[in-house]
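Contents: one structure, followed by commentary.
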There are 2 protein chains.
Amino acid sequence: MPTITDVCKLAGVSKATVSRVINGTGQVKESTRKVVFDAMETLQYRPNSLAQALANNKSNSIGLILSTFDGNYFGSLLREATNVAHDAGMQLIVTDGRNDTKLEIEAVNSLVDRRCDVIILYSRSLSEQDFADLKARISVPIVVINRCLKDQYSNAVCFDQQFATQLAMNHLLQKGHRDIACISLSLQSQTGQLRQQAYQQTLIEAGIEINPALLVEGDSQLGTGYQCCQKLIESGSPFSAIFACNDDMAIGAIKALHDAGIKVPEQCAVIGIDNEPLGQYIEPQLSSVELPIKAITHAAMQMALALAKGEATSTGTQEFRGKLVVRAST
Amino acid sequence: MPTITDVCKLAGVSKATVSRVINGTGQVKESTRKVVFDAMETLQYRPNSLAQALANNKSNSIGLILSTFDGNYFGSLLREATNVAHDAGMQLIVTDGRNDTKLEIEAVNSLVDRRCDVIILYSRSLSEQDFADLKARISVPIVVINRCLKDQYSNAVCFDQQFATQLAMNHLLQKGHRDIACISLSLQSQTGQLRQQAYQQTLIEAGIEINPALLVEGDSQLGTGYQCCQKLIESGSPFSAIFACNDDMAIGAIKALHDAGIKVPEQCAVIGIDNEPLGQYIEPQLSSVELPIKAITHAAMQMALALAKGEATSTGTQEFRGKLVVRAST
DNA sequence: CTGAAAGCGCTTACAG
DNA sequence: CTGAAAGCGCTTACAG
């Protein structure tokens with residue numbers, strides 16, 4: 001590949017001059033600018049980003065660490081993130097933390113080694129302490145998605161899990177349900193814990209006794225939604241509604257109910273969280289709580305860009321709320 | 001961040017020595033190795049990957065360009081790709097071509113600028129000529145997914161679209177269907193064209209006249225599956241089966257049939273392609289053709305690694321075939 | 001076994 | 001307006 005030196009030779013100018021025309025900085029006589037452009041053109045020259053990054057101490061890249069690539073949810077996130085990055089002229093470097101604390105930290109390190117200007121971290125497994133440690137250890141700013149960090153010097157965008165759960169639960173309560181089962185996310189994750197706690201709290205506040213048999217733990221996949229629902233049915237404890245902590249599990253649950261000959265919503269109502277597009281194409285259409293993943297991602301990217309450009313040193317935490325979407329399943 | 005120079009000072013040795021212990025190359029006395037390790041440890045030193053890449057003319061990274069992040073399909077691809085990359089100690093840099101020729105070429109350029117060791121390109125819009133041009137222009141090896149390039153010097157892994165379509169169509173024909181509608185992918189994409197052609201060809205070979213009213217073009221989303229199916233119903237042309245060119249559209253179609261009071265499979269059979277997990281959780285369960293996306297991605301990554309390491313200069317084309325998965329919808 | 005020096009491809013004060 | 005030189009943080013022959 002041609003280097004700046006090749007361009008220099010062909011154009012008969014110094015590197016400084018070529019660099020100036022590449023970057024549009026400083027003064028360059030129009031005629032020599034033309035000569036340089038022509039040389040770059042005929043050589044098909046493109047600057048080496050690595051060298052630029054090294055010289056500038058700035059790589060024009062945003063590191064993004066995801067805990068998984070599953071489902072529509074992360075697809076939306078990635079789409080939005082790549083769009084914003086592209087429009088800002090930044091490269092997005094995506095890594096999979098594979099839902100594993102060690103791998104996630106490893107991923108952060110390698111992104112730091114690559115001198116990303118900022119890192120966006122979506123982790124299900126890292127604790128608040130882990131975040132604090134990371135922040136103290138590395139000099140690259142970090143934006144955290146899906147965790148509300150109280151610390152005002154942190155950069156985070158999150159979703160009000162408690163509020164979303166209340167929306168779903170109150171909807172079921174209003175419909176007259178008292179025996180409401182819950183298919184939770186993994187209770188290893190903070191999101192899983194928060195939703196499950198809010199589920200219980202809402203029941204308590206409604207004066208309903210908690211029935212442990214009606215709480216089963218899934219892992220957010222269709223398959224566990226199905227299996228968890230089967231367990232609920234087999235448990236023998238009666239229930240007239242299921243609060244599934246995400247749409248995929250809700251869909252799995254609906255299938256299990258169908259297979260057991262239980263009619264939705266007549267014999268059992270089902271609601272999820274996420275409001276995936278898919279919810280509209282199953283039978284019956286799924287009630288859910290919209291999780292504005294696009295807006296959340298957008299906000300995280302804006303924070304990241306501000307941080308990368310040095311326009312801010314910390315952005316605080318921005319919290320988003322869902323809204324109820326009622327369809328035929330409740 | 002500490003640099004190699006900081007380590008030198010603290011350890012009282014030269015950069016050459018530090019470099020040797022970082023990379024485990026050359027001879028280093030055990031005692032000085034220890035001193036250097038200690039220095040790196042106390043400084044929390046980590047080598048700057050950009051500088052290493054510049055000096056080595058090798059970045060240890062694989063560029064991956066996707067045409068979209070939609071759906072389970074690309075999630076599987078990304079998961080497999082990140083896993084293989086991680087295990088090989090390579091970074092994966094993921095970019096979204098947004099299904100746009102210009103953006104895809106731009107993405108290739110920027111990956112080349114970043115000196116990726118190899119690029120994997122999944123494009124729906126690039127023509128064979130575009131691939132050839134790219135290959136001629138850039139010096140980084142390219143692996144193409146989802147295109148069967150005849151050229152033996154190319155690196156490609158692809159899916160036998162014709163065979164997959166025949167599997168689905170022959171299954172419907174065997175079930176006695178004669179009036180088979182087709183909801184195609186975008187006919188802008190090569191995959192869309194190939195499946196649609198194979199659909200027609202299979203009919204012709206079975207001695208069935210093609211009814212243009214039974215062919216509608218979708219764009220692979222749930223929503224267009226629904227709308228296309230509505231169009232088919234409204235067209236008035238009778239049909240007893242639908243061949244949807246992917247599962248998402250098949251699911252949309254099933255919903256449209258349901259809403260129109262048409263029973264699946266009794267009054268209309270439906271089959272898709274992809275064998276998404278979701279297909280098992282809708283009612284009725286979806287028949288499909290399995291598309292071994294994980295194996296395909298794995299093969300592409302292996303090619304990429306071989307190319308990146310210089311173990312091969314070209315790998316040729318590797319073709320995969322699907323297999324029929326019959327469930328309740330047909 | 002270890003270090004001085006040149007080089008990877010860029011940028012940016014500093015002179016002129 | 002332009003160029004020589006130093007620097008970004010590494011690696012690697014080459015000497016010793």
Side-chain angles (χ1 to χ4, degrees), chain A residues 1-37 39-40 43-61 91 109-117 139-140, chain B residues 1-37 39-40 43-61 91 109-117 139-140:
Chain A
M1 311 214 62
T3 71
I4 199 172
T5 309
D6 300 314
V7 178
C8 292
K9 283 186 198 143
L10 185 57
V13 298
S14 73
K15 292 195 225 173
T17 298
V18 175
S19 178
R20 286 189 198 101
V21 349
I22 292 173
N23 298 295
T25 55
Q27 306 270 46
V28 183
K29 211 203 303 175
E30 188 49 39
S31 58
T32 95
R33 176 189 310 279
K34 170 109 178 47
V35 175
V36 173
F37 262 129
M40 297 201 293
L43 288 172
Q44 295 240 48
Y45 168 77
R46 311 195 100 239
N48 180 327
S49 309
L50 300 176
Q52 288 181 312
L54 190 60
N56 286 323
N57 196 27
K58 189 155 186 351
S59 65
N60 266 304
S61 66
Q91 271 270 329
N109 288 338
S110 106
L111 256 18
V112 172
D113 295 346
R114 269 216 149 54
R115 296 298 183 269
C116 286
D117 301 321
S139 54
V140 178
Chain B
M1 312 214 62
T3 70
I4 199 172
T5 309
D6 300 315
V7 178
C8 293
K9 283 185 196 141
L10 185 57
V13 298
S14 73
K15 293 194 223 172
T17 299
V18 174
S19 178
R20 286 189 197 101
V21 350
I22 292 172
N23 298 295
T25 54
Q27 307 269 46
V28 183
K29 212 202 304 177
E30 189 48 38
S31 59
T32 95
R33 177 190 309 279
K34 171 108 179 49
V35 175
V36 173
F37 262 129
M40 297 201 292
L43 289 172
Q44 296 239 48
Y45 169 77
R46 312 195 97 240
N48 180 326
S49 308
L50 299 176
Q52 289 182 311
L54 190 60
N56 286 323
N57 196 27
K58 190 156 184 355
S59 65
N60 267 305
S61 66
Q91 271 270 328
N109 288 337
S110 104
L111 257 19
V112 172
D113 296 345
R114 270 215 148 54
R115 296 299 183 268
C116 287
D117 300 322
S139 54
V140 178

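Every chain is numbered from 1 and lettered A, B, ... according to where its sequence line falls, protein lines coming before strand lines. Note that these values count all heavy atoms, side chains included, but never hydrogens, waters or copies made by symmetry.
Looking only at distances, a side-chain donor or acceptor of Ser59(B) sits under 3.5 Å from a matching main-chain atom of Arg115(B). Asp117(A) places a side-chain N or O within donor-acceptor distance of the main-chain N or O of Ser61(A), the cut-off being under 3.5 Å.
Between Thr32(A) and dC1(D), a side-chain N or O to OP1/OP2 separation shorter than 4.0 Å is absent.
Under the 4.5 Å side-chain criterion, counting only non-hydrogen atoms from C-beta, Thr32(A) is not in contact with Val21(A). Counting only heavy atoms from C-beta outward, the side chains of Ile22(A) and Gln52(A) approach each other to under 4.5 Å. At least one side-chain heavy atom of Asn109(A) sits less than 4.5 Å from a side-chain heavy atom of Arg46(B). Using a 4.5 Å cut-off on side-chain heavy atoms (C-beta onward), Met40(B) and Phe37(B) make contact. Between Val13(B) and Val35(B), the closest side-chain pair of non-hydrogen atoms is not below 4.5 Å. With a 4.5 Å cut-off on side-chain heavy atoms, Gln91(B) and Leu111(A) count as touching.
Shown here is Asn23(A), whose CG atom has more than 12 heavy atoms of other residues, nucleotides or ligands within 6.0 Å. For Lys58(A), the NZ atom sits in a packed shell: over 12 heavy atoms of surrounding residues, nucleotides or ligands are nearer than 6.0 Å.
One atom, CD of Gln27(A), and another, P of dC1(D), lie 5 Å apart when rounded to the nearest Å. With rounding to whole Å, Arg115(B) atom CZ is found 19 Å from dT11(D) atom P. Atom P of nucleotide dG9(C) and atom CG of Asp113(B) are separated by 14 Å, given to the nearest angstrom. Rounded to whole Å, atom P of dC8(C) lies 18 Å from atom CD1 of Ile4(B). Put simply, CG on Asn48(B) is 14 Å from C1' on dG9(C), counting in whole angstrom units. For Ile22(B) and dT12(D), the CD1 to P distance is 11 Å, given to the nearest whole Å. Rounded to an integer number of Å, the gap from CG of Asn23(B) to P of dC1(C) is 17 Å. In this structure, NZ of Lys34(B) is placed 19 Å from C1' of dC1(C), rounded to the nearest angstrom.
When each of dT12(D), dC10(C), dG3(D) is scored by its nearest atom to the side-chain atoms of Ala16(B), the top-ranked nucleotide is dT12(D).
The stretch residues 49-60 of chain B touches DNA chain C through Leu54(B), Ala55(B), each having a heavy atom within less than 4.0 Å of the strand. Taking a 4.0 Å limit (strictly below) on heavy-atom distances, residues 7-15 of chain A reaches DNA chain C at Lys15(A).
Nearer to the 5' terminus of DNA chain C, by closest-nucleotide assignment, is the contact made by Thr17(B) (compared with the other of Thr17(B) and Val18(A)).
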Checklist entry - For DNA chain C, what string of dots and brackets results from 5' to 3' when Watson-Crick and G-U pairs need both distances under 3.5 Å, crossing pairs get [ ], and pairs with another strand get |? => result |||.||||||||.|||

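Using a 4.0 Å heavy-atom cutoff across all strands shown, Ser19(B) reaches at least one base atom of the nucleic acid. Note on Thr25(B): nothing from the nucleic acid sits closer than 4.0 angstrom, heavy atoms only.
In terms of polar N and O atoms assigned as donor or acceptor, the side chain of Arg20(A) comes within less than 3.5 Å of the base of dG3(D) in a complementary pairing.
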